[in-house]
Amino acid sequence: MTFRTFDNLSKESRIIEHIAQNLSHQNREEARILFPGVPLRLLLDEQAASTDKGFAVYSATGNPCGVGGVFDSGTIWFVVTEDAKDELLISWFKSARKWLTKQHEKHHRIEGYCWSKNVLSQKWMRFMGFDIASEDTAATKEINGEKFLYFMRTAPCAGK
């Protein structure tokens, strides 16, 4: 498993194409709810083009199995392929956590919303140190009849 960062993720068309073709069921459903009718490849191209600093995760066989980044607004996005469930290892999480901490140099708070049924993403966010609101809080949004949970992580205090 390899974790790699990119200053211009939108130039990585092979990665984006592979992820779009092999997107996990949960991420595919979440994208369908949020962006009905938008082709996955186009959606990922737009996400990558709007990302200041992005990353990709590669499987042991060298195929991309995850991609994401942080927008200028401080909103994070991340999607994985179906085979990522078998590939997500502690070593990758540690690299991703270091990358995320570095993003706090620009963004005091990194945040977003996650489909309440996207359990894999929620597990990743908790491991990465995000606080996730429960379904019964005011921070929960309903989009196209589905609940989306607010999550956020603030920059670590200086000296810690």
Could you grab the distance from atom [atom1] of [X] to atom [atom2] of [Y], nearest 0.5 Å is fine?
X      : Y      : atom1 : atom2 : answer
Asp45  : Glu17  : CG    : CD    : 8.5 Å
Ser121 : Ile132 : OG    : CD1   : 9.0 Å
Ser50  : Asp72  : OG    : CG    : 8.5 Å
Ile16  : Leu42  : CD1   : CG    : 11.0 Å
Lys98  : Phe3   : NZ    : CZ    : 11.0 Å
Glu30  : Ser116 : CD    : OG    : 9.0 Å

Just wondering, do [Y] and [X] contact through their side chains at under 4.5 Å, heavy atoms?
X     : Y      : answer
Val70 : Lys53  : no
Ile76 : Phe151 : yes
Thr51 : Phe71  : yes
Arg41 : Ser13  : yes

Decide whether a cation-pi geometry holds between Lys141 and Tyr113; the criteria are a distance under 6.0 Å from NZ or CZ to the six-membered ring centre and an angle within 45° of the ring axis.
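Flagged: Lys141 positioned over aromatic ring of Tyr113.
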Think Arg4 forms a cation-pi with Phe55, using NZ or CZ under 6.0 Å from the six-ring centre and within 45 degrees of its axis?
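Output no; distance or angle outside limits.
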When you look at Val57 and Val67, which way does the side-chain contact (heavy atoms from CB on, under 4.5 Å) test go after all the steps?
CA-CA 6 Å; Val57 182; Val67 66; over 6 Å; no
Tell me whether [X] contacts the main-chain N or O of [Y] through its side chain, where contact means a donor paired with an acceptor under 3.5 Å.
X      : Y      : result
Glu82  : His25  : yes
Gln103 : Trp99  : yes
Asn22  : Thr81  : no
Gln26  : Leu120 : yes
Ser24  : Asn27  : yes
Arg97  : Phe127 : yes
Gln122 : Trp115 : yes
Arg153 : Met128 : yes
Thr137 : Ser134 : yes
His104 : His107 : yes

How far apart are the closest heavy atoms of [X] and [Y], and which atoms are they?
X     : Y     : value
Phe6  : Ala56 : CE1-CB, 3.6 Å
Gly66 : Ile19 : N-CD1, 3.5 Å
Ala48 : Trp77 : N-CZ2, 3.9 Å
Leu9  : Gly68 : CD2-O, 3.6 Å
Gly62 : Arg14 : O-NH2, 4.0 Å
Leu40 : Ala20 : CD1-O, 3.7 Å

Geometric class of the Trp124/Phe130 ring pair [parallel <30°, tilted 30-60°, perpendicular >60°]:
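If you compare the ring of Phe130 with that of Trp124, the planes turn out tilted.
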Would [X] and [Y] show up in the same hydrophobic cluster when neighbours are defined by side-chain heavy atoms closer than 4.5 Å?
X      : Y      : value
Met125 : Val119 : no
Val79  : Tyr58  : yes
Ile143 : Phe35  : yes
Phe78  : Tyr150 : no

Residues [X] and [Y] bridged, charged N to O under 4.0 Å:
X      : Y      : result
Glu142 : Lys147 : no
Lys117 : Glu29  : no
Arg126 : Asp131 : no

Show, in sequence, the C-alpha distance, side-chain angles and deciding distance for Thr75 and Ile110, and conclude whether the side-chain contact (heavy atoms from CB on, under 4.5 Å) test is met.
CA-CA 6 Å; Thr75 301; Ile110 298 174; over 6 Å; no
